[in-house]
Amino acid sequence: MTTTLSPAPPKATAPGTSKEPIKERLAPYAYIAPFFVIFGVFGLVPLLFTFYVSLFDWNPIGDHVFIGLDNFRRLLDDPRFYNAVRNTFSIWLLSTIPELLIALGLAHLLNHVRLKWAVFFRMSMLVPYITSVAATAIVFLQLFDRDYGLLNWLLGQVGIGPIDFVQSTWGSHVLIAVMVAWRWTGYNTLLYLASLQAVPREIYEAAAVDGAGSWAQFRRITIPSLRPVIVFTIVTSTIGGLQIFTEPLLLSQSAPLTCGPVRQCQTLTLFLYEQGFGQFQFGYGAAIGVALFVLVVAFAGLNFFLSTRGRTDK
Amino acid sequence: MKVRTIERVRWWTYAGLGLAALISLFPLYWMFVVSTSDTAAARQQPPAVVPGGNFLHLATTVFETVPFLRALLNSLIVAVSIGVGQALLCSLAGFAFAKLRFRGRNTLFLLVVLTMTVPTQLSIIPQYMIISKLSWVDTLQALIVPGLASAFGIFWMRQHLATTISDELLQAARIDGATTWQVFWRIAFPLVRPAAFVLGLLGFVTAWNDFLWPFVVLKSPEMYTAQIAIKALQNNYDVDLGLAMSGSFLATIPMLILFVFVGRRMVAGIMDGAFKG
């Protein structure tokens, strides 16, 4: 994470003395103020207010009554909560691990000086990123459809299936994970590739001369030099992946807010939305938000810790 | 004896990358195929893999079922406002953090970086309460204004301003009597305009594709963005299999056209981001 605050603080152009007119001295604050105002009103205040609302029985058009920690007691007794936690982590694992591994491999393949059509490969991999989540969900639902989907037809040709990717628990998790991974693999590939290109080519050449094959080069050079960006992608995909919402919402047409009749793929954010905006229980919904916050912070921190550990082996 | 060889590109490199390109592009092709097929063609086994002649019929139905043209326009208004707004506001703040000296600068910048790690989706309930206090429910500014704050954008622009603009240049302008604003607007901003353009582009694409927040805030069909209109079309899934697909395709076309023209710069921009080295 050495890049976070680099380069070193530059020399200032304004002397910052009191001889300057007041307008000039306030200019820097005016330039950064819009961000802090907007983030304050729409980011920080709502976050703090989530904690506050979670202590109430809060009906948006009726009363709100202070009930202390009752929402959290209720949450910890709610099997729907544990179900949502399980689903969220299952989908996160199924999407993130293949996504980052494939991105690593692709970045390694793209990092050839003599590669032809390099621009085409890079651009085509970014196409999923500019496709919206909603459009992605619609097209993958069709491709994975039980009765008319291309995938099940292909599987049928080799005697498998048909698989119901929407109604079954693991099937729906796989389908959502495929949607997520499809959209983000290319983006992560480009991040990895950028880091790889900063590695001096001579290192690879020297390794090749010393008889290191492709796989050895990948393990000994590629992976270690990518460590900071790998940590970054793991942490960001944790923060994003645990808040997954749109894909599960669009999955089930019969019961969108629960992602199916038995909540087989209802994620935490979807559960939050269902309680808050479907059942109008703002207090309970906010309590789910607090739980999600704790999980995201803890899990992102854990992943950061695990992926940075071992840096001291030098 | 020194032997300098650059390894030849093996066939399986092309096979792997070709497969990745195919998987990346195929769903979009499929979206196009289904949005040109009638329901019978979309339901035949094996599925039809070439476009049919039903595109105009389906597209017309899309525009009749929901106010789709209005939705595209709403998306455009929101995405352009956010793209342009982010490019300007983040350049300005990035300039202050990179090139101006003021009390609390480093602490404030650290704060900006820290806000990137705050998961914001989980506060949608209070966010909605604030929007309704402002009487912004079912309006486009409810989407635009919160989207203007981008910590990532400030971080990114600061990086570019710090590395591309020399302090001597700004010093010289100062000595000539330029105010801080003139230094920014006449000298610094023109020099980092390419980076600001890519930032605005990324903001534009993200805003165009955003779903959860518009889904919470927008109520009436005339205010829908394209993504929410797709969801509304999906509710008519039983009527016509291709309808949601056609809407998805129509909402993706503007992005694809944009991508043809500026895709290279987006790729370069993402690769030139905060993580080089």
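Order of the sequence lines fixes the chain letters, A, B, ..., with proteins taken first and strands second; residue numbering starts at 1 for each chain.
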Show the numbers, then the answer: is there a side-chain contact (heavy atoms from CB on, under 4.5 Å) between I154(B) and I32(A)? CA-CA 9 Å; I154(B) 293 176; I32(A) 61 172; over 6 Å; no

I need the residue from L108(B), L89(B), T120(B) with the largest number of non-hydrogen atom pairs under 4.5 Å to chain A. L108(B)

Sort out for me which of L256(B), L111(B), T252(B), T179(B) touches chain A most, counting heavy-atom pairs under 4.5 Å. T179(B)

Which residues share a ring-ring contact (aromatic ring centres under 6.0 Å, His included) with F277(A), sequence neighbours left out: Y273(A), F282(A), Y128(B)

Can you confirm whether the side chains of T269(A) and Q121(B) place a donor and an acceptor under 3.5 Å from each other? no

Counting only pairs under 3.5 Å, give me each side-chain donor-acceptor contact of residues 14-31 of chain B, with atom names and distances, residues two or more places apart or in other chains.
residue	atom	partner	partner atom	Å
Y14(B)	OH	K116(A)	N	3.0
S24(B)	OG	A20(B)	O	2.9
Y29(B)	OH	V49(B)	O	2.8
W30(B)	NE1	Q142(A)	OE1	2.8

Less than 4.5 Å to any heavy atom of chain B: does that hold for the side chain of P34(A), its backbone, both, or neither? side chain

Does any heavy atom of chain B fall under 4.5 Å from the side chain of F51(A), the backbone, both, or neither of them? neither

Pick whichever of L258(B), T117(B), I124(B), I228(B) has the most heavy-atom pairs under 4.5 Å with chain A. I124(B)

Would you mind checking which part of A151(B) comes under 4.5 Å of any heavy atom in chain A, side chain (CB onward), backbone (N, CA, C, O), both or neither? both

If one checks every heavy atom of L134(B) against chain A at 4.5 Å, the contacting part turns out to be side chain

So which part of W208(B) gets closer than 4.5 Å to some heavy atom of chain A, the side chain, the backbone, both or neither? neither

Which bit of F121(A) is near chain B, if near means a heavy-atom gap under 4.5 Å: side chain, backbone, both or neither? side chain

With only heavy atoms counted, which part of T115(B) is less than 4.5 Å from chain A, the side chain, the backbone, both or neither? both

Step by step, would you call M266(B) with I130(A) a side-chain contact (heavy atoms from CB on, under 4.5 Å)? CA-CA 10 Å; M266(B) 276 179 74; I130(A) 62 155; 3.8 Å; yes

Is V267(B) close to chain A through its backbone or its side chain, or both, or neither, when contacts mean heavy atoms under 4.5 Å? both

At a heavy-atom separation under 4.5 Å, does F120(A) approach chain B through its side chain, its backbone, both, or neither? side chain

Segment of V139(A) engaging chain B (4.5 angstrom heavy-atom cut-off): both

Below 4.5 Å from any heavy atom of chain B, which atoms of Y29(A) appear? Answer side chain, backbone, both or neither. side chain

When you compare the side chain of Y129(A) with that of L202(B), does any pair of heavy atoms fall below 4.5 Å? yes

Identify which part of S150(B) has an atom lying under 4.5 Å from any heavy atom of chain A, answering side chain, backbone, both or neither. backbone

Identified side-chain contact (heavy atoms from CB on, under 4.5 Å) counterpart of Y31(A) within the set F97(B), F102(B), W181(B): W181(B)

The interface call for P60(A) against chain B, heavy-atom contacts under 4.5 Å, is neither

Checking side-chain contact (heavy atoms from CB on, under 4.5 Å) for the pair F215(B)/L249(A): CA distance, chi angles, key distance, verdict? CA-CA 11 Å; F215(B) 186 65; L249(A) 176 79; 3.8 Å; yes

Which bit of I239(A) is near chain B, if near means a heavy-atom gap under 4.5 Å: side chain, backbone, both or neither? side chain

Heavy-atom contact with chain A under 4.5 Å, split by part of V145(B): both

Look at V216(B), N209(B), T13(B) and state which one has the largest set of heavy-atom pairs under 4.5 Å with chain A. N209(B)

